[in-house]
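Letters A, B, ... mirror the listed sequences (proteins, then strands); counts begin at 1.
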Number of protein chains: 2
Amino acid sequence: MRDRNERLMAIRRLINGSNISSQEELQDQLERQGFSMTQATLSRDLKYLKVAKMPDSEKGYIYMLTERQLNDPSENEDIPITGFVSIDYAQGMAIMKTLPGHASSIAYALDNLNSYEIAGTIAGDDTILVIPRDGVTKGDLTNLLKTKMPGFRREEVH
Amino acid sequence: MRDRNERLMAIRRLINGSNISSQEELQDQLERQGFSMTQATLSRDLKYLKVAKMPDSEKGYIYMLTERQLNDPSENEDIPITGFVSIDYAQGMAIMKTLPGHASSIAYALDNLNSYEIAGTIAGDDTILVIPRDGVTKGDLTNLLKTKMPGFRREEVH
DNA sequence: AAGGAATATGTATAAATATACAATATGAGA
DNA sequence: TCTCATATTGTATATTTATACATATTCCTT
């Protein structure tokens, strides 16, 4: 039952990576990865993840992530981050360093992303502890931040 | 049978304006506006319009126009684009779908933008192939269209 | 105007998806 | 630990949506 989070992440990855056109297909893919659940559960998962189903010229219909992430790098103006200094990963968590006094405002912005990946944040004066959900990888987090935080990316992102 | 175009436009207006959560509901609304058709037809219309269905915290599920177009009833009159349906990208080019018969007029408008980004267009009856210059990205093109074509726009799903 | 291809639609039904309900599991207190 | 509240899931089924097939309509082309 602790699988849930991992399953949710796996679903996101699958939907983002390949073109899934039905819950049955999704179920097959997940089972191939060792997950086991019924169509009903997937229906609930997709609702939880706010995954949309849209017509596609190739496959008829495909599922799509809606809270854009890992998407078009061309737009995204979401959150103007100022004061960001660096990010490191340890103990499965991300530690962001900021200019003195800037931590809470950035953490606030992070919270407001309302993204699945981030379970929560704790901000000090110049440091933010970003706690990812179980199953969220460093790469997932980096992608999230890259796409939602202009001024992030580049070499600071170790 | 020439109702179709009007119906397609009405559908977009409805979906854009209110939160429709099923084809049955859509059918009711349309009938209230004097249209008459079955659920099957709506299913086909929604596919044609590339309308996505996504989870919504209030209504459970709602239909949404996908990544573009949205007729702001309030303003913008510059170059009124009517009949625009959707845009897709493939082979480095953009494929725009329009209502039947509207392609050439929209293509004409596109040509008249005299923008650097667009090398040329080829219009069929309800499809326009937009050929970008080398090096022009999908994002560049989207930006161009967003700013120069009222009635175009992107938001929603994606 | 007639014939034929292409398009649009309805009907009936298949396919896909959502959910009520019951069962099970998990977590927080007492 | 025990108990209650909450969360997760499966089963069975209802609801919703897509589509095969037949029919009707439109558009050419002659």
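- The structure places CG of B:Leu65 at 10.5 Å from CE of A:Met54, a figure rounded to the nearest 0.5 Å.
- Looking at heavy-atom distances under 4.0 Å, A:Ser22 makes contact with sugar-phosphate atoms alone, never a base.
- Listed by residue number, the members of residues 25-34 of chain B with any heavy atom below 4.0 angstrom from DNA chain D form an empty set.
- Note that CD1 of A:Ile11 is 5.5 Å distant from CG of A:Leu42, once rounded to the nearest 0.5 Å.
- Partners of A:Lys59 under the salt bridge (charged side-chain N to carboxylate O under 4.0 Å, His left out) rule, at least two apart in sequence or in another chain, are A:Glu25.
- In terms of heavy-atom proximity, A:Ala52 sits nearest to B:Ala52 at CB-CB, 4.3 Å.
- When the local axes at the two ends of the helix from C:dA1-D:dT30 to C:dA30-D:dT1 are compared, using 5 base pairs at each end, they differ in direction by 30° after rounding to 10°.
- Sequence neighbours left out, the pairs with a member in residues 37-49 of chain A that pass side chain to side chain donor-acceptor pair (under 3.5 Å) are A:Arg7-A:Asp45, A:Gln23-A:Gln39.
- What separates NZ of B:Lys53 from P of C:dA18 is a distance of 6 Å, to the nearest Å.
- Comparing D:dT19, D:dT9, C:dG10 by their nearest atom to the side chain of A:Thr41 picks out D:dT9.
- Rounded to the nearest 0.5 angstrom, A:Leu8 CG and A:Leu46 CG are separated by 9.5 Å.
- In this structure, A:Asp56 places its CG atom 15 Å from C1' of D:dA18, rounding to the nearest Å.
- Side-chain N/O atoms of B:Lys47 include one lying less than 4.0 angstrom from OP1 or OP2 on D:dT19.
- When distances run from any side-chain atom of A:Tyr63 to the nucleotides D:dT19, C:dT19, C:dT17, the shortest one goes to C:dT17.
- B:Met64 CE to B:Asn16 CG: the interatomic distance, rounded to the nearest 0.5 Å, is 8.0 Å.
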(request) For B:Leu49 and B:Ile15, run side chain to side chain contact (heavy atoms under 4.5 Å, CB included): C-alpha distance rounded to whole Å, both residues' side-chain angles, the deciding distance at 0.1 Å, then the answer. (result) CA-CA 11 Å; B:Leu49 292 170; B:Ile15 288 176; 6.0 Å; no
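- The distance from atom CD of A:Glu24 to atom P of D:dA18 is 16 Å, rounded to the nearest whole Å.
- What separates CD of B:Gln23 from P of C:dT17 is a distance of 13 Å, to the nearest Å.
- In this structure, CG on A:Asn19 lies 4.5 Å from CD1 on A:Ile62, to the nearest 0.5 angstrom.
- Between B:Arg44 atom CZ and D:dC21 atom P there is a gap of 13 Å when expressed in whole angstrom units.
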Identify all side-chain donor-acceptor contacts of residues 27-37 of chain A below 3.5 Å with residues at least two apart in sequence or on another chain.
residue: A:Gln27; atom: NE2; partner: A:Met37; partner atom: O; Å: 2.6

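- Picking from D:dT9, D:dT11, C:dT11 the nucleotide with the shortest atom distance to the side chain of B:Thr38 gives C:dT11.
- Close to D:dT17, at under 4.0 Å from its OP1 or OP2, lies no side-chain N or O of B:Ser43.
- What separates CD of B:Gln39 from P of D:dT17 is a distance of 7 Å, to the nearest Å.
- Rounded to an integer number of Å, the gap from B:Leu46 CG to D:dA18 P is 7 Å.
- If B:Tyr61 and B:Asp45 are placed on DNA chain C by their nearest nucleotide, the residue sitting closer to the 5' end is B:Asp45.
- One can place CG of A:Leu49 at 16 Å from C1' of C:dA18, the figure rounded to the nearest angstrom.
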